[in-house]
Amino acid sequence: MNTPFAGQLAAFATSQIQPSVLARQMARLSALDWLACGCAGTAEPVSRILRDQALSEAGAPQATLFGGTQVPARMAALANGTISHALDYDDTHFAHIGHPSVAVFSAAFALGELQGNSLQQVIEAALFGMELSIRVGLWLGRSHYQKGYHQTATAGAFGATVAAGRLLGLNTDQMEMALGLCATRAAGLKAQFGTMGKPYNAGLAATAGVEVAQLIKAGFEANPGAMEGTLGFGATHHGEGNLEAALQDLGQVWLFETISHKFHACCHGLHAALEASRSLDLAAPEIASLTVRTHPRWMTVCNQPVPDTGLGAKFSYRTVLALQALGKDTARLDSYSDALCRDPRLVALRDQIHVQADDSLAETAAHVTLVRRDGKRLEASHDLQAPVGYEAREARLLAKAAALLGPSRSAALWSVLQGAGSAADVTRFF
């Protein structure tokens, strides 16, 4: 039984289509980035809570947690999805404003380790899943996101389902049914932004993917058309039903090629402003006022005016720009702390920074206007969609991984990811 949308997604998800060379390269880079973020995020409070919960429940030793120790695959996906998003330093795709890797890789590596899959199989399954999550995000459209749903969790759950289902060998009808069952599990709200609930959303998506794929493989029956229709996921979750955008060139053009990686340890919505202001060489003593213009969609995502926690600071234009102007490295994890949010110098400077919505700007762009104390006015713009060559991107991600994991560990991990080993060869780095 094929539905207009889910059936085509299922056919793609179970196909033998060969991804483009660039898509494969970007998937391996994103795997490195996800692993570095996950390993570095194990000390976060939310990570300790999820790890403690997983360890307290014990269970079959199927898949490895970030920080070590094996637990059931579903729990590993939940914990690792949360842990790898705890730093909010993982990749983003702006076609649907979501973080593809945290949900999909967490599901894929949990099942891949359980089943003894090769590294190539895991990364390919994850690539299909991440591509599909982007396509589902396009189908849902911006209204879904603006109503308050977190695409990383909602679209991401469908991507995690595809990665898990592909590794389990689901046929097309089973995959369609898995997507239908996922429609009743996918969940996550933007209301959690700035709290532990945001990374937990990614864990929810990862564990949902593993769970529904395993259930369908075991013979569970669900409505394969539950993504669509009057009572389906799209209609009940304020989706736009953008079928043409979601299915355009599916299997021929890989949207994952345009994944965007983070080089500042905060919400990706802040990065264009940080890159623009970086080109102005901000220095706090010279600033009379600083005005940021950004797309209106970011005003409800990362415009917390006066956060008092390091986590909240990662969602605040005024705070991150003040940090940058004070000479703090916004790529460093320790630049975001509760103490810095209370620093009198930062509090005073933050009041000189103003954020304005500008719907003439692309969602990936920002414009910064600096008025210096000497009266000089400087302006700069940046768009995150500006092309970055593969070699330059690889160099920046290797530097980021080295900063998070240490040079020797990151180099060893990158070597394994480029090889032909197994999923377990990677999870031993956890």
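Because only heavy atoms are used, hydrogens play no part in the values below, and waters and symmetry mates are left out as well, while side chains stay in.
In this structure, a donor-acceptor pair under 3.5 Å is absent between the side chains of T152 and H85. Under 3.5 Å, the side chains of S277 and Q324 contain a donor-acceptor pair of N or O atoms. For the residue pair H99 and D91, no side-chain donor N or O sits within less than 3.5 Å of a side-chain acceptor on the partner. Side-chain atoms of T172 and T14 include a donor-acceptor pair closer than 3.5 Å. With no hydrogens or angles considered, a side-chain donor-acceptor pair links H93 and T258 at under 3.5 Å.
The local environment of CZ in R318 is crowded, with over 12 non-hydrogen atoms from other residues, nucleotides or ligands closer than 6.0 Å.
Taking the ring centre of Y149 as origin, the terminal cationic atom of K190 falls outside the region bounded by 6.0 Å and 45° from the ring axis. Relative to the ring axis of Y89, K262 does not place its NZ or CZ within 45° and under 6.0 Å from the centre.
Taking the six-membered ring where the residue is Trp, F128 and F12 present tilted rings, their angle falling between 30° and 60°. Using cut-offs of 30° and 60° on the angle between ring planes, the pair W34 and F109 is parallel.
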Mind listing the side-chain donor-acceptor pairs of residues 233-240 below 3.5 Å, one per line with the distance, residues two or more places apart or on another chain?
| from | atom 1 | to | atom 2 | distance (Å) |
| --- | --- | --- | --- | --- |
| T236 | OG1 | G232 | O | 2.8 |
| T236 | OG1 | F233 | O | 3.3 |
| H237 | ND1 | F233 | O | 3.0 |
| E240 | OE1 | N242 | ND2 | 2.8 |
| E240 | OE2 | R142 | N | 3.3 |
| E240 | OE2 | S143 | N | 2.9 |
| E240 | OE2 | S143 | OG | 3.4 |

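Put simply, the side chain of S47 does not reach to within 4.5 Å of the side chain of T82, judged on heavy atoms.
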(message) The test is salt bridge (charged side-chain N to carboxylate O under 4.0 Å, His left out); show your working for D88 and K198 and say whether it passes.
(response) CA-CA 9 Å; D88 216 313; K198 183 177 190 284; 3.0 Å; yes
